[in-house]
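Remember, predicted model here, so these are calculated numbers, not experimental data. Both counts, for ligands and for their atoms, begin at 1 and track the order of listing.
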Amino acid sequence: MAANSTSASYEAFHQALKSAKHIATLCGAGLSAESGIPTFRGEGGWWRTFEATELATPTAFKKNPSRVWEFYHYRRELVLKKQPNKAHKALVDFEDKILSQTPQNQTFTVITQNVDGLSSNLKNFIAMHGSLFRTRCTKCGYIEENRNSPICEGLKGTENSNFDINLPIEKLPSCTKCNGLIRPDVVWFNETLDPDILNKIHEELNRCDLFLIIGTSGLVYPAASYANYVKSRGGKLAIFNIEDTGKADFKFIGPCGETLPRALDVCEET
Ligand code: BV8
Ligand code: ZN
């Protein structure tokens with residue numbers, strides 16, 4: 001029977017947290033919502049007249065690379081103005097707590113679907129869908145970090161426009177090595193994930209005994225299959241969401257910027 005977010009359930013969760021050996025999380029767009037970054041399926045999931053899922057595909061990029069780059073430029077510029085919120089900080093503080101244990105008898109791994117980089121100050125995290133601030137050359141494959149604002153002159157100021165600017169390829173972001181067209185180094189729909197990342201994730205899921213599902217609608221695969229997998233191996237599930245997204249041993253319904261610090265017992269001294 002899942003507890004709801006009463007103080008008893010926080011107490012029960014604290015016990016489960018103490019006795020767990022391998023704690024892992026799956027984070028989604030809801031983790032960054034309180035930083036002011038729209039989620040995919042909330043009202044923010046639209047950009048101009050398109051759904052995010054229509055633009056995050058190789059077909060969309062092939063058909064209209066300018067529109068897809070305008071979409072990612074818009075998201076880069078938005079995220080560059082945002083800060084991690086209390087939920088991001090709770091994950092970092094909890095990781096510090098685990099890493100300072102002597103002897104270290106627990107592990108903590110953050111698996112995130114988010115590409116906003118707001119969890120990058122964690123020491124042990126897996127960004128399974130890539131990063132808005134990494135690019136990959138479509139010609140030579142060269143990958144590099146890129147937080148330039150704007151990423152290229154042609155896209156400057158388009159983040160405020162409601163209409164396509166149809167930049168020609170030569171005005172789109174280009175490779176510093178071969179001048180070829182570069183793309184965001186993210187996993188688009190219908191693209192396979194990096195096998196090394198998938199292996200790392202499966203190693204964690206195979207030993208995880210407490211799985212925190214934070215701010216995700218659980219609709220995108222393969223991430224959507226992880227909670228059931230952990231449960232099938234006898235692991236416990238805890239959901240942190242503003243809506244009830246499924247079965248779990250613990251449910252903390254509310255903004256994760258409030259529920260997570262309390263559940264991980266890393267509340268800021270007020
Ligand atoms: C693949 C990067 C092999 C790009 C993203 C099996 C069945 C059906 C379909 C498939 C399947 N296997 C594969 C597929 C196809 C597809 C898929 O899953 N489609 C879905 C839509 C049905 N998957 C793939 O293509 C994957 N590749 O499996 O390769 C393959 C290939 C072809 C065919 C078969 C197999 C690759 C998927 C990766 C896509 N890339 N991101 C970019 O970001 O631009 S996914 C993207 O959407 C995000 O990264 C994120 O993962 C996802 C959004 O999900 P959420 O994070 O959950 O966000 P959402 O808005 O939905 O929910 C937010 C939640 O937060 C809500 O629940 C809300 O209530 C909550 N919330 C809001 N505020 C708060 C809050 N919670 C707490 N506090 C708050 N304050
Ligand atoms: Zn190149």
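- Geometric assessment of R183 against the ring of W188 yields a positive cation-pi assignment under the 6.0 Å and 45° thresholds.
- If you look at A29 next to ligand 1, the close heavy atoms, those under 4.0 Å, come from the backbone and the side chain alike.
- Ring-centre distance between F94 and F108: below the 6.0 Å cut-off.
- Between K200 and D196 no salt bridge is recorded (no basic side-chain N to carboxylate O distance below 4.0 Å).
- One side chain, E70 or S66, offers a donor N or O that lies under 3.5 Å from an acceptor on the other.
- Closest heavy-atom approach to atom 20 (C) of ligand 1 among the candidates L219, T259, L260: L219.
- Looking at ligand 1, you'll find an N or O of F40 within less than 3.5 Å of one of its N or O atoms.
- By heavy-atom distance, the residue among A224, S217, S225 lying nearest atom 62 (O) of ligand 1 is S217.
- Between the side chains of N124 and T109, a donor-acceptor pair is found at a separation under 3.5 Å.
- Atoms SG of C175 and SG of C137, as seen from the Zn ion (ligand 2), are separated by an angle of 110°, to the nearest 10°.
- The proximity of Q113 to ligand 1, defined as any non-hydrogen pair under 4.0 Å, involves the side chain as well as the backbone.
- Ion pairing between D209 and K236 fails under the 4.0 Å rule for side-chain N and carboxylate O.
- Residue-ligand proximity, G28 to ligand 1, at heavy-atom distances under 4.0 Å covers atoms 56 (O).
- Cluster membership for L205 and M128, using ILVMFWY side-chain heavy atoms within less than 4.5 angstrom, is shared.
- Note on ligand 1: T53 sits outside its first shell, no heavy atom being nearer than 4.0 Å.
- The shortest N or O to N or O distance between V187 and ligand 1 is under 3.5 Å.
- Across L193, L31, N190, heavy-atom proximity to atom 33 (C) of ligand 1 is greatest for N190.
- Separating the CG atom in L91 from the OG atom in S119 is a distance of 6.0 Å, to the nearest 0.5 Å.
- Checked against a 3.5 angstrom limit, the closest N/O atoms of G215 and ligand 1 fall inside it.
- Comparing T216, V220, I253 by heavy-atom distance to atom 55 (P) of ligand 1, the nearest is T216.
- Remark: at the Zn ion (ligand 2), atom SG from C178 and atom SG from C140 enclose 120°, rounded to the nearest 10 degrees.
- When the options F240, Y221, Y72 are ranked by their closest heavy atom to atom 37 (C) of ligand 1, first place goes to Y221.
- Distances from ligand 1 to the non-hydrogen atoms of R75 include at least one value under 4.0 Å.
- Heavy-atom separations between F71 and ligand 1 are all 4.0 Å or longer.
- Using modelled atom types, one finds no donor on one side chain facing an acceptor on the other under 3.5 Å when comparing T135 with E144.
- Ring-plane geometry between H14 and Y10 is classed as tilted, the angle between the planes lying from 30 to 60 degrees on a 0 to 90 degree scale.
- Between C256 and ligand 1, a contact under 3.5 Å exists for at least one N or O pair.
- Checked by distance only, ligand 1 and E191 come closer than 3.5 Å through their nitrogen or oxygen atoms.
- One distance of note links OH of Y74 with CG of L155; it measures 15.0 Å at 0.5 Å rounding.
- When non-hydrogen atoms are compared, ligand 1 lies under 4.0 Å from the side chain of V115 (C-beta onward) but not from its backbone.
- Not a single N or O atom of N114, backbone or side chain, sits closer than 3.5 Å to an N or O atom of ligand 1.
- Comment: R75 does not engage E159 in a salt bridge, judged by the lack of any side-chain N to carboxylate O separation of less than 4.0 angstrom.
- Residue-ligand proximity, E243 to ligand 1, at heavy-atom distances under 4.0 Å covers atoms 66 (C), 67 (O), 68 (C), 69 (O).
- The contact set between ligand 1 and E34, taken as ligand atoms under 4.0 Å from a residue heavy atom, comprises 78 (N), 79 (C), 80 (N).
- Between F13 and F252, a ring centre-to-centre spacing shorter than 6.0 Å is recorded.
- Within the listing of ligand 1, atoms 3 (C), 29 (O) sit less than 4.0 angstrom from a heavy atom of T192.
- Between the side chains of R76 and N146, at least one donor N or O lies within less than 3.5 Å of an accepting N or O.
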